[in-house]
Amino acid sequence: MKKLSFKDKLGYGPAAYGDAACYSLVCTFLLFFITTVAGIQPALAGTIIAFGTVIDAIFNTFMGYFTDNVKTRWGKRVPFMVVFGTMIFFSTLFLFTGVNAPYAVKVLYYSVMIALFWISYAGFFVPYLALGAEFTQDYQERTILRSYAAFFNMLGSMTAMAVPSLLVNHLTKVGFTLSGAWSITAGSIALISSASIIITAAVARKYDKPATGRVIEVPNISLLGLFRQYIEVLKLKPIRWLLLTSLFFLISYGIFLSDMLYFFTYNLGLGSERVSLMLFLRCFVGVLIIPVVNKVCALTDKRSALIIFQMLCAVAIAASKLTGIGADFRLYVFIVLIGIATVTYWQVMPAMIYDVCEYYQLQTGMKRQGTIVSIQSLVEAVSSGIGAQILGLILQFAGFNSESPIQSEFTMKWIENCITFIPAFFLLLSCITLWKYPITRRVYEDICGKLNKRK
């Protein structure tokens with residue numbers, strides 16, 4: 001198969017910056033922002049975040065079906081990347097804006113804003129992820145393509161995790177309110193994210209085949225047809241095992257990301273500079289590990305590589321509970337492990353989802369990239385909401401007090417549990433379900449061979 005040019009692979013990557021920056025900003029800081037700045041109780045804050053992911057799940061379902069069936073003069077995916085990539089700036093800015101209003105009004109405001117954020121996110125992410133399957137059908141080339149995306153993904157995570165604490169701290173020192181500082185910080189990150197999505201949309205136009213005739217031909221939206229299409233996809237054993245793998249990994253990831261700032265702030269007493277350093281280190285390690293993951297995938301296959309890295313990280317993270325995580329070298333080792341677990345998932349999992357698209361085509365004779373990746377995106381949304389809800393309930397149970405700079409020993413114990421053995425448990429579950437995924441390199445090459453014979 002024809003290899004992708006360096007320009008195309010590089011051009012595919014920037015939107016992953018916007019994806020990771022917005023996703024990481026919300027998953028890492030939103031619960032903290034809503035509880036400590038907006039003053040909403042942890043359990044209710046977790047419910048608000050979970051509500052947003054329900055909206056995301058519904059809109060994901062619509063977007064996958066819609067972009068598979070719509071026809072426009074500009075393609076199926078690119079126009080929506082541009083529109084919703086622009087919307088993500090406004091929704092993120094308003095989500096991290098403090099409102100001086102009665103408690104019930106604040107709850108309503110953040111419920112609406114989180115819903116708008118996830119609609120914007122799903123609106124660009126589903127067509128972007130689906131478009132990757134159009135770039136190439138080569139097994140290893142897809143892994144390499146996702147490596148470029150993983151690089152930008154880590155840059156986005158680095159920005160969203162390392163910058164906010166430093167910038168908010170600086171802005172409050174020069175006279176901004178805490179709420180205003182968060183709005184400026186989130187708005188700046190969201191603006192860069194929007195630009196990165198639009199850059200990829202411009203580069204990817206040649207892979208998004210335009211329709212002839214009308215400017216736009218909107219499909220008839222049939223709920224029965226939509227559900228029938230999704231049920232048809234969910235009948236595939238490979239997609240079911242991948243979805244379970246994603247569900248367990250992202251619950252682990254969501255709990256960890258949301259809890260990390262609590263752990264650094266209350267358990268370790270780290271200042272904003274040290275917190276930013278830890279978050280920067282996590283992403284920097286992720287960038288360094290990308291070529292190693294590529295090499296392991298080339299020597300084995302995607303499934304084996306992902307299991308190897310995730311299993312090692314799960315065991316090591318669980319062991320951190322026994323050894324303890326102090327503000328010393330143990331913290332750096334712990335952060336390195338998290339960086340490895342994160343990048344291997346985001347680098348390899350989307351490439352595995354692309355492989356399922358060919359499997360579906362072989363089974364049915366139809367292409368449904370949008371539907372397939374939207375189910376994956378749906379699971380990502382639901383799992384992050386579950387993770388936030390679990391953490392919110394645990395913090396409430398543990399007696400977390402957002403108005404106190406010092407938490408009880410019992411509270412800090414559970415904050416530590418939520419960054420060690422609880423995420424490790426879900427990570428181990430993801431490895432078990434991934435082992436059941438049947439599409440290895442040999443199986444995929446056989447699928448492509450059968451598809452080529454049909455042409």
Side-chain angles (χ1 to χ4, degrees), residues 2-25 63-64 66-93 117 119-138 141-142 144-160 187-218 290 346-347 350-351 353-354 357 367 369-370 373-374 377:
K2 183 181 178 181
K3 300 294 184 182
L4 293 172
S5 69
F6 172 75
K7 178 182 177 182
D8 286 343
K9 287 184 282 194
L10 185 64
Y12 174 76
Y17 176 97
D19 160 28
C22 293
Y23 185 90
S24 298
L25 182 68
M63 280 301 297
F66 187 80
T67 60
D68 272 343
N69 295 283
V70 72
K71 296 178 181 179
T72 83
R73 191 176 294 176
W74 306 281
K76 290 174 175 285
R77 324 285 185 190
V78 166
F80 303 102
M81 290 176 63
V82 173
V83 171
F84 289 101
T86 303
M87 283 178 58
I88 200 76
F89 163 68
F90 296 101
S91 59
T92 306
L93 172 63
F117 169 83
I119 288 172
S120 304
Y121 181 85
F124 87 81
F125 181 72
V126 170
Y128 169 58
L129 195 59
L131 197 56
E134 306 283 0
F135 273 63
T136 179
Q137 288 185 326
D138 184 87
E141 195 74 356
R142 281 179 167 175
I144 295 171
L145 179 68
R146 285 304 308 177
S147 299
Y148 283 79
F151 173 77
F152 283 96
N153 186 288
M154 285 296 102
L155 290 182
S157 294
M158 197 179 298
T159 303
S188 300
I189 293 172
L191 183 61
I192 299 171
S193 298
S194 292
S196 72
I197 295 163
I198 293 171
I199 289 171
T200 291
V203 173
R205 286 176 60 192
K206 67 179 181 179
Y207 291 100
D208 193 18
K209 295 179 182 179
T212 56
R214 296 183 188 179
V215 174
I216 182 169
E217 185 176 328
V218 179
I290 289 172
W346 293 113
Q347 182 176 348
I353 291 292
Y354 294 159
C357 295
K367 291 185 175 182
Q369 291 95 329
V373 303
S374 70
S377 183

Checklist line | Inter-residue atom distance Ile290.CD1 - Gln347.CD, 0.5 Å rounding | finding: 5.5 Å

Item checked: Straight-line distance of Ile88 CD1 to Asp19 CG, nearest 0.5 Å -> 9.5 Å

Check: Which distance, rounded to the nearest 0.5 Å, do you find between the CZ of Phe135 and the CG of Asp8?
Finding: 6.0 Å

Checklist line | Step-by-step side chain to side chain contact (heavy atoms under 4.5 Å, CB included) determination, Leu10 to Phe152 | finding: CA-CA 9 Å; Leu10 185 64; Phe152 283 96; 4.0 Å; yes

Notebook entry, point to check: Which heavy-atom pair separates Ala149 from Tyr128 by the least distance, and what is that distance?
Noted result: CB-OH, 3.9 Å

Item checked: Over 12 foreign heavy atoms within 6.0 Å of CZ, Phe151 -> no

Checklist line | For Ser24 against Ser157, the heavy-atom pair lying closest together | finding: OG-OG, 3.3 Å

Notebook entry, point to check: Any luck finding a side-chain donor-acceptor pair between Arg77 and Thr67 under 3.5 Å?
Noted result: yes

Note to self: Distance check, rounded to the nearest 0.5 Å: Phe117 atom CZ versus Leu93 atom CG?
What the structure shows: 12.5 Å

Margin query: Would the distance check show the side chain of Arg205 and the main-chain N or O of Trp74 forming a donor-acceptor pair, the cut-off being under 3.5 Å?
Written below: no

Margin query: Could you measure the distance from the CG atom of Leu4 to the CG atom of Asp138? Nearest 0.5 Å is fine.
Written below: 8.5 Å

Checklist line | Tyr207 vs Tyr12, side chain to side chain contact (heavy atoms under 4.5 Å, CB included): CA-CA, chis, key distance, verdict | finding: CA-CA 11 Å; Tyr207 291 100; Tyr12 174 76; over 6 Å; no

Notebook entry, point to check: Are side-chain heavy atoms of Pro127 and Lys76 found at a separation under 4.5 Å?
Noted result: no

Notebook entry, point to check: Rounded to the nearest 0.5 Å, what separation is found between the OH atom of Tyr148 and the CG atom of Asn153?
Noted result: 16.0 Å

Note to self: Please check: side-chain N/O of Ser120 versus main-chain N/O of Phe84, any donor-acceptor pairing under 3.5 Å?
What the structure shows: no

Notebook entry, point to check: Under 3.5 Å, side chain of Arg146 to main-chain N/O of Pro350, donor-acceptor pair present?
Noted result: no

Margin query: Please find the pair of heavy atoms, one from Gly18 and one from Ser196, that lie closest to each other, and give the distance.
Written below: N-OG, 3.2 Å

Item checked: Thr159 and Tyr17: side chain donor to acceptor below 3.5 Å -> yes

Note to self: Please check: side-chain N/O of Tyr354 versus main-chain N/O of Leu129, any donor-acceptor pairing under 3.5 Å?
What the structure shows: yes

Notebook entry, point to check: Looking at Ser194 and Phe89, what are the two nearest heavy atoms and their distance?
Noted result: OG-CB, 3.3 Å

Check: What heavy-atom pair brings Ala190 and Thr92 nearest, and what distance separates the two atoms?
Finding: CB-CB, 3.6 Å

Check: How close do Ala133 and Cys357 get, heavy atom to heavy atom, and via which atoms?
Finding: CB-SG, 4.4 Å

Notebook entry, point to check: Is the distance between the ring centroids of Phe125 and Tyr121 under 6.0 Å?
Noted result: yes

